[in-house]
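What follows is a short report on a single structure.
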Number of protein chains: 2
Amino acid sequence: MKKSDKHQKILNAAIKVFGQKGFFNARISDIAKEADVADGTIYLYFNNKYDILLTLFEEEIGKLIVEIKAAISQKTDQREMLYVFALHHLRLVIEKKELAEVLQMELRQSGESIKEYRLNKFADYVNIISEIIHTGQENNIFRRDLQAGIIKRAFFGALDEMSRLWILNPNHTYTLEESAEEISDIFLNGIVAD
Amino acid sequence: MKKSDKHQKILNAAIKVFGQKGFFNARISDIAKEADVADGTIYLYFNNKYDILLTLFEEEIGKLIVEIKAAISQKTDQREMLYVFALHHLRLVIEKKELAEVLQMELRQSGESIKEYRLNKFADYVNIISEIIHTGQENNIFRRDLQAGIIKRAFFGALDEMSRLWILNPNHTYTLEESAEEISDIFLNGIVAD
DNA sequence: TATAAATGAATGACAATTCATTCATTTATA
DNA sequence: TATAAATGAATGAATTGTCATTCATTTATA
């Protein structure tokens, strides 16, 4: 087994364990067991428990950014892009449930390095929205009397709250598609210039 | 000093300490110090560390519900009610910054009892929104082709994400009023029937 | 004085981290 | 080619530090 394989194997185990028990309740031995590896092996690949979490943010969010950008680049109309973002984001939450749980829970923690993540890496993800908004405003598709920064947060927050519902209550009351459609609808009819 | 005074004193200290360090990084001795009380005294008023957190949810969210309901009851138009909710919610986040941080962080944690709180007590708070939406739909003020449950979550999520910005980055880029106004504006022009 | 409330040092459980040891694989030597 | 030496990844038991919780003692109150 190659070194990189074991690195990813441990990360995948960590996503699962952190997702189920939360960072603080997760034991290194849980992750080791899940990864089918000795406790000590983890320290050959990561500096400490917290480093696993940060690496997880770094690498996994990076993958999400690549994926969602690819999906959006299929569209040229900013209204459609917003819908595609919503659809894709919610789909990711369902497909990568455990990762979504980790991000939901742990990105809210206090602690300076986490805050920096919110301000850096994670911001990159959310800023995909503000780029769409900004371009849409330049093209006069979206109202210019609203601040892109506020729209961005409102839109992402709306999606994030739907995700939370699914994570906490797995019997989905609303389907992926209707959620993405209705949220986009609410926002578009709010931000599209008459 | 009356018993109830010390109960609240410890709770206030816990809000501060949990808000700053998060539940898991907070030590009982931190709370005791902040409350100007001996470590052991805390166990005369609470069963354990976790009980402090649950009591905090129960009692403090209860107060918020009372406050915000009072503010909303001043209005009769559901559009205005929604704006008042936004304004009041964001004002609370600024005035009770530490409590807001605790709720942001800890309501996202996994663990069954926390989840039940999200599904019960906290839901009462958010459901103030769905009541407004529902009444507004009955009065034909709001579109009926959108599901109240989705609007509720989208609206709350939008506010919650703005709160997060303020909590993480205290140099407010947007004012309280403009945030409440723009978010209400986005939503109203999305959900008000033409 | 008797009872209740408060104290804070001591306890013990729990996990993160360390590190001496093992062992499969690779490289050097004859 | 066969044998020996070196490597370093992997192991998991032992170490260590960290608190939550307890409880014998002290202090306040009625």
Side-chain angles (χ1 to χ4, degrees), chain A residues 1-59 101-102 105-106 109-114 117, chain B residues 1-58 98 101-102 105-106 109-114 117:
Chain A
M1 172 165 286
K2 282 190 310 176
K3 187 173 179 178
S4 57
D5 284 342
K6 201 153 275 188
H7 170 96
Q8 191 60 48
K9 203 175 169 194
I10 293 169
L11 271 192
N12 290 342
I15 291 171
K16 193 162 187 180
V17 175
F18 289 159
Q20 282 166 357
K21 317 180 81 160
F23 176 76
F24 290 104
N25 290 318
R27 280 168 293 161
I28 289 290
S29 59
D30 293 333
I31 299 173
K33 200 175 194 181
E34 180 69 40
D36 204 20
V37 140
D39 294 15
T41 305
I42 290 182
Y43 290 88
L44 299 174
Y45 294 89
F46 300 92
N47 297 326
N48 51 48
K49 190 184 174 186
Y50 196 53
D51 183 44
I52 302 175
L53 185 64
L54 291 188
T55 305
L56 190 161
F57 286 161
E58 178 92 35
E59 298 185 0
E101 286 195 64
V102 177
M105 279 192 280
E106 309 307 339
Q109 286 304 323
S110 64
E112 286 317 306
S113 30
I114 294 277
Y117 260 81
Chain B
M1 171 164 289
K2 283 191 309 178
K3 187 172 179 178
S4 57
D5 284 341
K6 203 154 272 186
H7 171 95
Q8 190 60 48
K9 204 174 167 193
I10 293 169
L11 270 191
N12 290 342
I15 290 171
K16 193 161 185 181
V17 175
F18 288 159
Q20 281 166 357
K21 318 178 81 162
F23 177 76
F24 290 104
N25 290 319
R27 282 166 292 160
I28 288 291
S29 60
D30 293 332
I31 299 174
K33 199 175 195 181
E34 181 69 39
D36 204 22
V37 139
D39 294 16
T41 305
I42 290 182
Y43 290 88
L44 299 174
Y45 294 89
F46 300 92
N47 297 325
N48 52 48
K49 190 184 176 186
Y50 195 53
D51 182 44
I52 302 175
L53 185 65
L54 291 189
T55 305
L56 192 161
F57 287 161
E58 178 91 36
E98 274 132 349
E101 286 195 64
V102 177
M105 277 192 282
E106 309 307 339
Q109 286 303 324
S110 64
E112 286 317 307
S113 33
I114 294 276
Y117 260 81

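In the text below, chain A, chain B and the rest are named by the order of the sequence lines, each starting its count at 1. The analysis underlying the following values was restricted to heavy atoms, covering all of them including side chains, and did not include hydrogens, waters or symmetry mates.
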Considering only side-chain heavy atoms of [X], which listed nucleotide, [options], is closest?
X: A:I28; options: C:dT7, C:dT17, D:dT11; value: C:dT17
X: B:L44; options: C:dA5, D:dA20, C:dT17; value: C:dA5
X: B:Y45; options: D:dA20, C:dT7, C:dA5; value: C:dA5
X: B:N48; options: D:dA9, C:dT17, D:dT21; value: D:dT21
X: B:T41; options: C:dT7, D:dG12, D:dC19; value: C:dT7
X: A:A38; options: D:dA20, C:dT17, D:dG12; value: D:dG12

Quick one: look up who [N] pairs with, Watson-Crick or G-U, both distances under 3.5 Å, and put none if it's unpaired.
N: C:dA30; value: D:dT1
N: C:dC14; value: D:dG17
N: D:dT11; value: C:dA20

Heavy-atom closest pair, residues [X] and [Y]:
X: A:A14; Y: A:I31; answer: N-CG2, 4.0 Å
X: A:V17; Y: A:A26; answer: CG1-CB, 3.5 Å
X: A:A13; Y: A:E34; answer: CB-CG, 3.6 Å

Tell me: [atom1] of [X] to [atom2] of [N], nearest whole Å?
X: A:N25; N: C:dA16; atom1: CG; atom2: P; answer: 10 Å
X: B:K49; N: C:dC14; atom1: NZ; atom2: P; answer: 16 Å
X: B:D39; N: C:dA5; atom1: CG; atom2: C1'; answer: 16 Å
X: A:K21; N: C:dA15; atom1: NZ; atom2: P; answer: 8 Å
X: B:D36; N: C:dT7; atom1: CG; atom2: P; answer: 8 Å
X: B:R27; N: D:dG17; atom1: CZ; atom2: P; answer: 16 Å
X: B:K6; N: C:dA5; atom1: NZ; atom2: C1'; answer: 8 Å
X: B:F18; N: D:dA20; atom1: CZ; atom2: C1'; answer: 12 Å

Contact under 4.0 Å: A:Y43 side-chain N or O vs D:dA10 OP1/OP2: no

Might you confirm whether atom NZ of B:K49 has over 12 heavy atoms from other residues, nucleotides or ligands at distances under 6.0 Å? yes

Among residues at least two apart in sequence or on other chains, which ones pass side chain to side chain contact (heavy atoms under 4.5 Å, CB included) with A:Y43? A:I28

Any base atoms under 4.0 Å from A:A32, or only sugar-phosphate, or nothing? Heavy atoms, all strands. nothing

